[in-house]
Amino acid sequence: MSDKYNIQSVLDNLGIKQVNNGVCTGVEWLETNGKEVESYSPGDGKLIASVKQASWDDYELMMGKAQSAFKVWRMIPAPKRGEIVRQMGDELRKYKDDLGKLVSIEMGKIYQEGLGEVQEMIDICDFAVGQSRQLYGFTMHSEREKHRMYDQYHPLGVVGVISAFNFPVAVWAWNAMLALIAGDVIVWKPSSKTPITAVAVHNIMANVLKRNNLPEGIINLIVASSSILGNDFINDKRLPLISVTGSVKIGRKVASLVGQRLGKVILELGGNNAVIISEKADLDMALTAALFGAVGTTGQRCTSTRRLIIHEDIYDSFVGKLVKAYGQLDAKTGHSLDTNTLVGPMIDKWAVKDFQNAIEKAISEGGNVLFGNKVFEGEGYESGCYVQPTIIEAKNEYEIVQDETFAPVLYIMKYKTIDEAIELQNGVPQGLSSAIFTRNILESEQFLSQQGSDCGIANVNIGTSGAEIGGAFGGEKDTGGGRESGSDSWKAYMRRQTNTINYGTDLPLAQGIVFDLS
């Protein structure tokens, strides 16, 4: 492939071979012999590298190591587990530039966003280190004399993580670092669209595991097709928890199968995120947020802005400014490693087709395209993955608007009252991220109240896109209800246990029952 951006140097620094094995148990890579998954860069359409997929026998071997490692890892005190995670964060710092660049090469997000994604990995490591000393339970006063009650949390076991292409490394870290300090071990099944970044991450992590002489099986990677590692993986009772980032369709399937065996799931599914723009807003701030939220990562974030709900009094002027801003993006659309680029490629041609189909559907339902509806061709766009971010006047009830289009398609609509705006915001099946731009405290407080946004994330004067490590990330309704990353999300990776201690010489029975054994 072209080495204009020193790509070969990045691959060499991260230990990426032309053909890589598909199973890692920490330091060791198993020799896999399955069909090769070839990863092509959406930037130029050229082959990056390939991964030999795993078989079910490879999976069984890996799971055996994971189960054995769990017995060791769970007995290491949580703060010492945190020390390992701290070292993982430091190791990521060493490779931040290269890994960030590889994320851009394989996924297509611009280099600054690739670096930002690796920084999120580092940040969650830092957060988890502190959390390793804060796995708190509670003490309760017993109704019985000389009894003490408390609850505590124990590790779950082997945790499965299924990640998506749009955040190929950060989502793993959000789950893995909290699970590790909780005492769990990890099995990671990355997206088949971005396997090379996963291989790179495990190469980096191996340095820490080897340095600390830790057993194989604490963190595990498996690259395998759904035909090999599909339902059987999800049905595996040795995985008490599976965390899934993906579509609503995939989430429903996983929830159903895991639920049948009474396992646990963390579901991070679709978003259909809206920004309400009040006539009382700082419109310059709102414009910046709308633009970045809609076109950042080429509209391929779970938190990307899909809908703008604009007050009728400012609708025409605001939309005019928005269209003008979009008009400047053509010159900023290009290869993700070009420093001039703000809009990189979509992940692949299938995503481009979804982009085109969504626009056609919106038009057929009565939508009015104000800008966009173009796939770039010619020099620099040979991969066929570059599109023009698109603005469409639409109604919230359109079928296409009710769906999540994972592409830079922005639907805009008017409102008259704040009550109407909130009803429009909530009037979709998904419930991930939401925002309002207003300088009116009454509007902002209503938006954040129980009669306001029904999403897991609700922001004021900041867009829908992105989230801080310190807050729990996730949504409601069709978004799945899961929570990852900050706050008390660590509890999802542990089992809760209530304990009662009798330090007296009598044994009072429940409900005052007396067993006379004399």
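Please read all numbers here as calculations on a predicted model, not as lab measurements. Index from 1, following the sequence.
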Within the distance-only criterion (no hydrogens, no angle test), does the side chain of [X] pair as donor or acceptor with the backbone N or O of [Y] below 3.5 angstrom?
X      : Y      : answer
Ser336 : Ser104 : yes
Thr464 : Ser433 : no
Asp123 : Ile469 : no

Can you find a pair of side-chain heavy atoms, one from [X] and one from [Y], that are under 4.5 Å apart?
X      : Y      : result
Leu432 : Phe473 : yes
Tyr150 : Gln497 : no
Phe233 : Leu239 : yes
Phe437 : Ile276 : no

Any salt bridge linking Lys52 with Glu31? Criterion: basic side-chain nitrogen under 4.0 Å from a carboxylate oxygen.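 Answer for the salt bridge query: yes.
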Any carboxylate oxygen within less than 4.0 angstrom of a Lys/Arg side-chain nitrogen, looking at Asp44 and Lys46?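 Salt bridge: no.
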Ring centres under 6.0 angstrom apart (Trp172, Phe167):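 Centroid distance Trp172-Phe167: not below 6.0 Å, so no.
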Suppose we screen for salt bridge (charged side-chain N to carboxylate O under 4.0 Å, His left out). Which residues come up paired with Asp98, at least two apart in sequence or across chains?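 Asp98 satisfies salt bridge (charged side-chain N to carboxylate O under 4.0 Å, His left out) with no residue once adjacent residues are dropped.
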Can you give the donor-acceptor pairs under 3.5 Å from side chains of residues 342-350 to other protein atoms, not counting sequence neighbours?
residue	atom	partner	partner atom	Å
Asp348	OD1	Trp350	N	3.2
Asp348	OD1	Ala351	N	2.9
Asp348	OD2	Lys193	NZ	3.1

